[in-house]
Amino acid sequence: MIKRSFDIFVSLLGLLTCLPLFFAIAVLIKFDSSGPVLFSQQRIGKNFRPFWIYKFRSMINDAPSHGNQITVGNDSRITRIGKFLRKTKLDELPQLFNVLKGDMSLVGPRPEVSAYVQLFRKDYEEILRVHPGITDLASLRYRNEADLLANSTNPEREYIQRILPDKIRRAKEYVKRSSFFFDLALILKTPLRLFT
């Protein structure tokens, strides 16, 4: 109850505070490339319930049909403003809507697409007892995931065999340690990790 109340308060405050920033980003995206301002993708949430996650579009329109689901390094599909949005993580801001709706929490295991969840379904039965979140232990560790994958000859295999299992381990750790003060600590660590 405390967690949900905190999520509603912070997401609502964040959305109201960031309204001018949302508008500025929307204008830049529209000037930079054709297509919608927001990108949405189906992810798997608590108790395996699918939901649509929102992000500011950082790639060309209809990017998934022009390549892999995994984005690596200097992916040619990333737009000019998209590079900045991804580097600063501003593309994630619309997920405050997901938090307000109740699909996500501010802190929780990052939501995955169905294909990856099904590969590790047994693990996700434990992880998806809680709402996915905007930030978590894995987000702090893999802030530059796209750059890490850029060095691989097979990025998707590298993600499935090495990165995703470690994310799952950290997600399970979060589920075990989850508390209001642990969430608060992760929220405070997120911008520090972003700019250091």
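Just so it is clear, the structure is predicted and the values come from calculations on it, not from any experiment.
Among residue pairs with one or both ends in residues 136-169, those qualifying as ring-ring contact (aromatic ring centres under 6.0 Å, His included) are Y116-Y159; sequence neighbours excluded. Listed by first and then second residue, the side-chain hydrogen bond (donor to acceptor under 3.5 Å, both in side chains) pairs that reach into residues 4-27 are D7-S105, sequence neighbours excluded.
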Evaluation steps, side-chain contact (heavy atoms from CB on, under 4.5 Å), between E112 and L164: CA-CA 10 Å; E112 278 291 353; L164 187 53; 3.6 Å; yes

Step-by-step side-chain contact (heavy atoms from CB on, under 4.5 Å) determination, E145 to K167: CA-CA 11 Å; E145 181 182 299; K167 283 184 171 185; 2.5 Å; yes

Residue pair K172, I168: steps toward the side-chain contact (heavy atoms from CB on, under 4.5 Å) verdict: CA-CA 6 Å; K172 287 181 176 180; I168 286 171; 4.1 Å; yes

CA sep, side-chain torsions, deciding dist, call: L137, F182, side-chain contact (heavy atoms from CB on, under 4.5 Å): CA-CA 11 Å; L137 293 166; F182 187 53; 4.0 Å; yes

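Here F39 contributes atom CZ and M59 contributes atom CE; the two are 8.0 Å apart, rounded to the nearest 0.5 Å. Taking CZ of F97 as the reference point, atom CZ of F22 lies at 5.5 Å (rounded to 0.5 Å). Once rounded to the nearest 0.5 Å, the distance linking CG of L90 with CG of L85 reads 6.0 Å. To the nearest 0.5 Å, the span separating CE on M104 from CD1 on I134 amounts to 5.5 Å. To the nearest 0.5 Å, atom CG of residue L96 and atom SG of residue C18 are 6.5 Å apart. The NZ atom of K3 sits 12.5 Å away from atom CD1 of I8, with the distance rounded to the nearest 0.5 Å.
Between E126 and R121, none of the side-chain N atoms (NZ, or NE/NH1/NH2) sits under 4.0 Å from a carboxylate O, so this pair counts as no salt bridge. With salt bridges taken as basic N to acidic carboxylate O contacts below 4.0 Å, one links R110 and E92. In summary, R49 and D103 engage in a salt bridge, as defined by a charged side-chain N under 4.0 Å from a carboxylate O.
Both I127 and L119 belong to a common hydrophobic cluster when Ile, Leu, Val, Met, Phe, Trp and Tyr are linked at side-chain heavy-atom distances under 4.5 angstrom. At a threshold of 4.5 Å between side-chain heavy atoms, the hydrophobic network of Ile, Leu, Val, Met, Phe, Trp and Tyr places L13 and L19 in two separate groups. One hydrophobic cluster holds both F84 and I25 under the rule that ILVMFWY side chains link at heavy-atom gaps under 4.5 Å. Note: the hydrophobic cluster containing V99 also contains Y54 (ILVMFWY, side chain heavy atoms under 4.5 Å, direct or indirect links). Cluster membership for I44 and W52, using ILVMFWY side-chain heavy atoms within less than 4.5 angstrom, is not shared.
Side-chain contact, R80 with S33: no donor N or O sits under 3.5 Å from an acceptor N or O. Side-chain contact check for Y174 and D183: at least one donor-acceptor pair (N or O, by modelled atom type) lies under 3.5 Å.
Residue F23 belongs to a hydrophobic cluster whose other members are V27, F31, with links defined by side-chain heavy atoms closer than 4.5 Å.
For the pair T190/V107, no side-chain contact is recorded, criterion being any heavy-atom separation below 4.5 Å from C-beta on. Counting heavy atoms from C-beta outward, L106 and T135 have side chains that stay 4.5 Å or more apart. Here the side chains of I187 and F6 are in contact, with some heavy-atom distance below 4.5 Å. Contact of the N154 side chain with the E158 side chain is not registered, since no non-hydrogen atoms from C-beta on lie closer than 4.5 Å. Q42 places none of its side-chain heavy atoms less than 4.5 Å from the side chain of V113. A heavy-atom distance below 4.5 Å is found between the side chains of V37 and K30. Contact check for L100 versus L15: side-chain heavy atoms found under the 4.5 Å cut-off.
Between the R43 side chain and the P111 main chain, a donor and an acceptor come within less than 3.5 Å of each other. Side-chain atoms of H131 come within 3.5 Å of backbone atoms of G102 as a donor-acceptor pair (strictly under, hydrogens ignored).
Under a cut-off of 6.0 angstrom, the local environment of CD1 in I2 is sparse, with at most 12 non-hydrogen atoms contributed by other residues, nucleotides or ligands. Heavy-atom contacts from other residues, nucleotides or ligands closer than 6.0 Å to CZ of F120 number more than 12.
Residues P36 and I29 come closest through the heavy atom pair O-CG2, 4.1 Å. Scanning both residues, R170 and A138, for their nearest heavy atoms gives CD-CA, 3.9 Å.
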